[in-house]
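This report concerns only the one structure given below.
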Amino acid sequence: MSALLELTGVIGGYSPELPILHGIDMQVDAGEFVTIIGPNGAGKSTAMKAIAGLVRITEGRVTLDGRDITNHPTEEMAEAGMAFVPQTANIFTTLTIDENLKLGAHTLPRKQAAQRIAQAYERFPDLVKFRDSAARSLSGGQRQMLAVARALLCAPRLVMLDEPSAGLAPNIVQDVFVMLRRLADDGVAVLMVEQNAKGAMAVSDRTYVLAEGENRISGTSQEMLNNPEVKAIYLGNAGRKSA
Amino acid sequence: MIQAIADGLSTGAIIALGAMGVTLVMGILRFTNFAHAEYLTWGAYMALAVLSVTGLDAGQTGPFRFGLGLVLATVIAVVLTVALALAIDYLVFRRLRGRVNHITLVFASFGVALIVRYSIHLIFGGAAHYYSNDLQIAWLIGDGLRVMPDQALVFALALLVSVVLFLFLKYSALGLAMRGVAENPALAAINGVHFRKILFWTWAIGGGLAAVSGVFYGMTVQIRPDMGFQLLLPIFAAAILGGIGNVVGALFGGFIVALIEAIALLWIPAGYKIAVPFVVLLLVLWLCPRGLFKGSSGGSK
């Protein structure tokens, strides 16, 4: 059985003369929770943006369910069955929560969009009381909740998240990870870039370690948690080092 | 003073329509299009050309020098101005967008402005034209206030257009998508918003507003190739005063600039009129750079 998402020898970056990714290979199966970790400048976020069509791929191939989506227009990502939550600016702060969700569902027929938005409020009840407030008034955790709620509106088969724990309090980070784990258990593939290596590996199925735009190590998250190299570089004594 | 306020409100409506188009383009497409004022001139001349080619009369409806003929001419002028705006985007701005810095785009718009203005000059000549040569009798209101019926009509129509535009941006799916692109184009794309569609509608609305504004202006002044250029500074002052991307702000900005201009004329010679919006612009940029109604670096409200 082929993977849901597959990257083969992906080379790319913000300019063709200066590639950041130097031949990345990666696979995510349906319903699988995959984490990408690595030091700063490893190309983790760039890899995710390349999948989303926000960064140009000059060589290599990205497929979703066997279909070539290399350099696919970002606008068509939702219809292809993918959702992406960027690390920063992942909600529309000048719009209300309701408007954020409406915009997230705007490719759907009106009735279906209304149903999905109602389901989003059921899944994230904390958002209900703010529905008519500007999204800028939300806390960090609530913003992340809204970003994930928006990403799920089109019922994607794959959700990509770029450092969803950034700037969140530790207890909220745990809530976000648990929420993503549940999502994967419900059959949605999750691909997450994360600095909190230990926390991310604890909830995910598999982990890729990138360094200098290349694959370094990969395996099940359990194996990676016990891998001496990963332990030494990313987990350290404090259990959390910049990954 | 009351007469100056009445005159200011009438001119303010025309400035406001132009400023709403400018602020929409600045907020969503993130560049300052100095050719926008020439779209007003183009709209005014296109309506004139339609009247001339079809032999229609501007029409007379009750006290207004604005009848079915001019309504039809305005509709066609809107279509032709939108076509011009889209053609210029295709031929000039599209080729530069994302490849050059903001200032290069602004200079390109200066070049486009000159080309449009002198093309109009070449085609229609430099002489003044009018939609109608009919005389209009002013309404006498209260104790000495004179209001031309066309001025009152222009004021009411401008308010109506502003309300419709505000409701469109606030409540329609397309308006929501336009506001989304204005704040964060990349996130809007992630949500499946097609930039080309938003680009089309931004120019369509901006160009349409410019055409309507141009025809309204042509009803109250002589139609000349430099009529838009005369409104350039007041329009940009109004857009900045209202806050970039803020359509309601641009409406109020238009009225504020025109009222200040009209009231200032009570004390200063008419030759200095053009300096008034410049002073307003300087004061706004100095005291309140984001405008009175808090615009954004990119954004449409």
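Letters A, B, ... are given to chains in the order of the sequence lines, protein chains preceding strands, and every chain is numbered from 1. Hydrogens, waters and symmetry mates play no part in the numbers below; they use all other heavy atoms, side chains included. From a predicted model like this one, the values you see are computed outputs, not experimental measurements.
For A/L54, the part lying near chain B is the side chain, with the backbone staying farther off; criterion is any non-hydrogen pair under 4.5 Å. In this structure, chain B has a heavy atom under 4.5 Å from the side chain of A/T107, while its backbone stays farther away. Residue A/I91 touches chain B through its backbone alone, counting heavy-atom pairs closer than 4.5 Å.
Contacts with chain A were tallied for B/A186, B/A177, B/G192; B/G192 has the most, counting heavy-atom pairs under 4.5 Å.
A salt bridge between B/K197 and A/E75 is absent, with no side-chain N of the basic residue lying under 4.0 Å from a carboxylate O of the acidic one.
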Exercise for the section: Kindly determine whether B/I190 and A/R150 satisfy side-chain contact (heavy atoms from CB on, under 4.5 Å), including the steps that lead there. Expected result: CA-CA 10 Å; B/I190 288 167; A/R150 175 196 58 70; 4.2 Å; yes
Practice task
Would you check, one step at a time, whether the test salt bridge (charged side-chain N to carboxylate O under 4.0 Å, His left out) holds for A/R136 with B/E183?
Solution key: CA-CA 12 Å; A/R136 74 168 78 87; B/E183 183 185 328; over 6 Å; no
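Atom CZ of B/F252 sits in a sparse spot, with 12 or fewer heavy atoms from other residues, nucleotides or ligands closer than 6.0 Å. Residue-environment remark: OH (B/Y90) stays at or below the threshold of 12 foreign heavy atoms within 6.0 Å. Surrounding CZ of B/R95 are more than 12 heavy atoms belonging to other residues, nucleotides or ligands, all under 6.0 Å away. B/F229 CZ: 12 or fewer foreign heavy atoms inside a 6.0 Å radius. Counting non-hydrogen atoms of neighbouring residues, nucleotides and ligands closer than 6.0 angstrom, the CZ atom of B/R97 exceeds 12 such neighbours. The number of heavy-atom neighbours closer than 6.0 Å to CZ of B/R94, taken from other residues, nucleotides and ligands shown, is above 12.
One distance of note links CZ of A/F92 with CG of B/L187; it measures 3.5 Å at 0.5 Å rounding. Taking CG of B/L176 as the reference point, atom OG1 of A/T96 lies at 8.0 Å (rounded to 0.5 Å).
Close approach to chain B, defined as a heavy atom under 4.5 Å from one of its heavy atoms, is seen in A/A78, A/E79, A/F84, A/P86, A/A89, A/N90 of residues 78-90 of chain A, taken by number.
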